[in-house]
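Worksheet for the structure shown next.
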Protein chains: 2
Amino acid sequence: MPEQSPLDLAEGDPFGPHNLPYGVFSTADEPGRRRVGVRIGGHVLDAGAAAHALGSPYAALLAQPSLNALLAAGRTAWRDVRRALTAWVTVPAHRPDIEPLLHPLGSVTLHLPFEVADYVDFYASEHHATNVGRIFRPDGDALTPNWKHLPIGYHGRAGTVVVSGTDVVRPAGQRKAPTDPAPVFGPSVKLDIEAEVGFVVGTPSTLGTPVPLGDFREHVFGLTLLNDWSARDIQAWEYVPLGPFLGKSFTTSVSAWVTPLEALDAARVDPPARDAGLLPYLDDSAEEEPGGFDLRITVRINGEVVSEPPFSTMYWTAAQQLAHMTVNGASLRTGDLYGSGTVSGPEVHQRGSLLELTWNGRDPLELPTGKRTFLEDGDEVTLTAWAPGPDGTQVALGEVSGRIVAAPGA
Amino acid sequence: MPEQSPLDLAEGDPFGPHNLPYGVFSTADEPGRRRVGVRIGGHVLDAGAAAHALGSPYAALLAQPSLNALLAAGRTAWRDVRRALTAWVTVPAHRPDIEPLLHPLGSVTLHLPFEVADYVDFYASEHHATNVGRIFRPDGDALTPNWKHLPIGYHGRAGTVVVSGTDVVRPAGQRKAPTDPAPVFGPSVKLDIEAEVGFVVGTPSTLGTPVPLGDFREHVFGLTLLNDWSARDIQAWEYVPLGPFLGKSFTTSVSAWVTPLEALDAARVDPPARDAGLLPYLDDSAEEEPGGFDLRITVRINGEVVSEPPFSTMYWTAAQQLAHMTVNGASLRTGDLYGSGTVSGPEVHQRGSLLELTWNGRDPLELPTGKRTFLEDGDEVTLTAWAPGPDGTQVALGEVSGRIVAAPGA
């Protein structure tokens with residue numbers, strides 16, 4: 001009996017040829033050589049080598065140490081490369097060329113798939129923003145007056161975006177409880193997660209020229225899962241009046257795999273009904289393509305499911321966020337990354353942060369590894385997600401995981 | 001009579017051999033070839049070509065299209081390159097090699113001198129923060145409770161940092177006066193400046209490892225002037241609760257010249273007395289080198305002096321900002337840029353923004369070009385500065401200027 005090909009996938013494999021996310025990998029025998037890889041089932045295809053072997057015109061785009069060249073190539077190239085890849089992994093005649101270029105996932109090292117240009121983080125879940133408002137401003141309105149008029153966002157630190165699997169060093173910093181006479185310094189005691197989706201910009205735009213809603217797919221290549229690790233105690237003391245800084249900037253984790261938007265065509269859904277009128281540049285009621293994505297996220301701590309946030313419930317869409325981010329003329333660069341903001345659904349078990357899940361520590365989670373209000377050293381958090389694919393399939397996103405290690409000297 | 005050499009500078013030229021700031025230029029006959037240049041008097045020395053002509057080991061660092069390779073080379077290289085440059089422009093025997101490599105300033109195009117990695121903006125002037133607090137929160141304390149305990153900062157948009165001389169497109173966006181029933185959209189009507197100093201990071205640091213106060217000069221290569229253009233109306237509506245975003249992200253201008261810290265040794269001064277105890281990581285009372293810089297800034301609108309902010313009055317120093325920015329383990333990259341925050345002194349004519357100079361429009365400036373509350377299309381703003389140099393000299397910083405052009409479609 002002939003050995004089974006890595007291309008003979010189990011029925012319904014969520015990393016089948018309908019998915020084909022992009023990443024960057026290296027192998028043990030050439031650890032310094034980063035290459036673009038495409039995930040198929042449990043293997044990684046060396047995409048540049050495949051393009052070369054098959055005489056593809058995309059060899060130069062794919063034989064790169066990051067996805068940035070492909071990202072910069074624009075939508076027509078993205079479509080054509082995806083078509084070529086689909087053929088390479090599905091047409092039997094290509095198997096002799098392709099099979100030797102497949103590496104088992106467990107044998108490779110995955111790297112940050114693209115060089116992050118600017119990183120922006122939004123705050124687009126009404127359920128999340130309402131929960132946070134209730135926790136921190138119990139006597140005021142849960143949502144600030146601007147919340148339903150614009151997707152609130154801020155810039156984060158691009159240089160500390162890391163790939164899934166990278167340890168997260170517990171940050172130290174200042175915190176001050178309202179009853180403390182002065183701030184104290186030490187490792188954060190309220191280290192939290194934020195389950196988000198990150199959008200990756202490919203095609204740049206021109207300084208001074210806004211990107212309209214309808215151009216979303218001209219500029220955005222794909223998405224990842226994103227964990228916006230947050231130190232709530234540091235953040236609470238620092239954030240008035242200029243917003244989060246050290247409470248967020250220590251680490252942001254993204255998937256090793258960028259899922260192209262084209263793999264998610266069957267997952268597009270209408271966003272929730274908006275209950276405030278939108279200014280024209282944000283009004284997506286006449287857009288052809290639904291602005292939402294039906295991504296079902298699962299959050300695990302030490303293997304235990306603690307939440308299942310539904311991305312379809314996000315009030316503001318990724319296209320609206322892009323239009324807003326550029327409406328002042330700010331330009332996009334290849335590699336810009338923007339996070340959706342914490343994804344929380346209407347139900348308790350759909351909340352995307354421990355802040356909400358434990359109501360700022362009031363209601364600890366009971367896990368097999370012990371009670372948790374916030375994260376302890378050694379805890380491992382993993383986000384996974386899937387979306388409906390074509391013909392009843394599922395499209396899995398690349399997971400994002402990270403383990404908390406103690407602050408230096410702690 | 002022999003023609004005078006460009007190296008025979010007038011007595012006291014503030015761009016003399018005691019200064020030697022670094023930039024990036026191209027010439028009209030080779031517009032695509034960006035090269036590292038060093039300013040001497042009214043000329044730019046092609047530094048890579050000079051290094052090559054004189055057989056210097058630094059030719060590879062200097063024959064580059066940006067300063068990033070030099071920035072990454074570290075403090076010993078910075079010192080050695082500066083020593084070499086000083087010899088090249090002062091030792092008469094080098095003149096035959098050097099003079100042909102000098103380009104008159106007016107004949108070259110100056111470019112953004114380095115690739116900006118992350119951009120952070122601080123809020124470190126007590127006078128500025130107090131003025132802003134009084135204007136926006138007249139019934140509350142002018143300073144937030146955290147202000148004297150930590151240098152407040154936030155991340156800005158690195159991709160829209162531009163070089164001096166680049167036009168500034170007036171941003172459009174949402175604004176809402178308290179009396180408006182709903183936000184309106186249009187070009188900002190409160191376009192402002194912020195006169196700042198920008199610090200440029202050379203040597204990177206390791207994720208998870210804070211940079212202590214005393215390591216400031218190991219990491220920071222030099223400084224520029226910086227104009228953090230701000231749309232006050234957009235900012236006022238958007239900034240609660242996550243801080244400034246579109247009100248700032250449209251453009252940030254920096255000098256074409258980066259002044260190395262070594263040129264400013266005579267300008268180091270003690271910061272103002274601190275009236276709140278500092279946590280150890282920010283306590284600079286035992287540092288060998290004074291943390292402040294005696295930079296005297298001048299702000300001109302259409303050629304008219306409107307303000308003279310003294311950088312020596314800044315409450316928080318650049319070394320404290322660096323220590324704070326990394327105390328949570330956030331890493332530095334070559335090309336990181338951080339702004340001091342608006343520089344305002346205690347006097348009215350020392351305020352670094354129109355918001356303060358006109359008290360949010362209440363007290364217009366009377367300029368020869370007309371009354372001004374905020375900036376009008378066509379206005380040109382120029383920041384210049386000088387600092388005491390060795391032996392009674394002055395060290396000029398590279399100016400930063402920008403002209404306002406109308407929003408698209410306006």
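Computed from a prediction, not measured in an experiment: that's the story for all the values here. Reminder, nothing fancy here: chain letters follow the sequence lines and each chain counts from 1.
In this structure, chain B has heavy atoms under 4.5 Å from both the backbone and the side chain of N146(A). At a 4.5 Å heavy-atom cutoff, the contact between V116(B) and chain A is made by backbone atoms alone. Neither the backbone nor the side chain of P204(B) has a heavy atom closer than 4.5 Å to any heavy atom of chain A. Contact annotation for Y281(B): only side-chain heavy atoms (C-beta onward) come within less than 4.5 Å of a heavy atom of chain A. Heavy-atom distances place no part of R170(B) under 4.5 Å from chain A, backbone and side chain included. Using a 4.5 Å cut-off between heavy atoms, L282(B) contacts chain A through its side chain alone, with no backbone atom that close. Both the backbone and the side chain of L332(B) come within contact range of chain A, with heavy atoms under 4.5 Å apart.
Per-residue heavy-atom pair counts under 4.5 Å with chain A were compared for G329(B), A117(B), P241(B), G133(B), and the maximum is reached by P241(B). Between chain A and the options V169(B), N328(B), V132(B), the largest number of non-hydrogen pairs under 4.5 Å is found for N328(B). Note: G153(A) leads G208(A), G153(A), P171(A) in heavy-atom pairs under 4.5 Å with chain B. Of all the listed residues (R137(A), R333(A), Q174(A)), the one sharing the greatest number of non-hydrogen pairs under 4.5 Å with chain B is Q174(A). Annotation: maximal heavy-atom pairing with chain A below 4.5 Å, among A276(B), S188(B), G243(B), occurs at G243(B). With chain B as partner, the option from L279(A), D336(A), T326(A), L207(A) having the largest number of non-hydrogen pairs under 4.5 angstrom is L279(A). Of the listed residues (T144(B), D121(B), L150(B)), the one with the most heavy-atom contacts under 4.5 Å to chain A is L150(B). Interface remark: of the candidates A231(A), P210(A), P145(A), G156(A), G156(A) forms the most heavy-atom pairs closer than 4.5 Å to chain B. Most heavy-atom pairs under 4.5 Å with chain A, from the set P244(B), G173(B), G277(B): that is P244(B). In terms of non-hydrogen atom pairs under 4.5 Å with chain A, the most contact-rich of V120(B), D167(B), L246(B) is L246(B).
Across every non-hydrogen atom of A330(A) and S249(B), the tightest pair is CB-O, 3.7 Å.
Residues T209(B) and P408(A) form no side-chain contact, since every pair of their non-hydrogen atoms from C-beta on lies 4.5 Å or further apart.
Side-chain contact, E238(A) with Y154(B): no donor N or O sits under 3.5 Å from an acceptor N or O.
A tilted orientation is assigned to the rings of H324(B) and F245(A), their planes being inclined by 30° to 60°.
Of the inter-residue distances, the one linking K176(A) atom NZ with H149(B) atom NE2 reads 7.5 Å to the nearest 0.5 angstrom. Atom CD1 of residue I152(B) and atom OH of residue Y239(A) lie 12.5 Å apart, to the nearest 0.5 angstrom.
Heavy-atom neighbours of D141(A) CG from other residues, nucleotides or ligands within 6.0 Å: at or below the threshold of 12.
The closest donor-acceptor contact from the side chain of R157(A) to the backbone of Y119(B) lies at 3.5 Å or more, if one exists at all.
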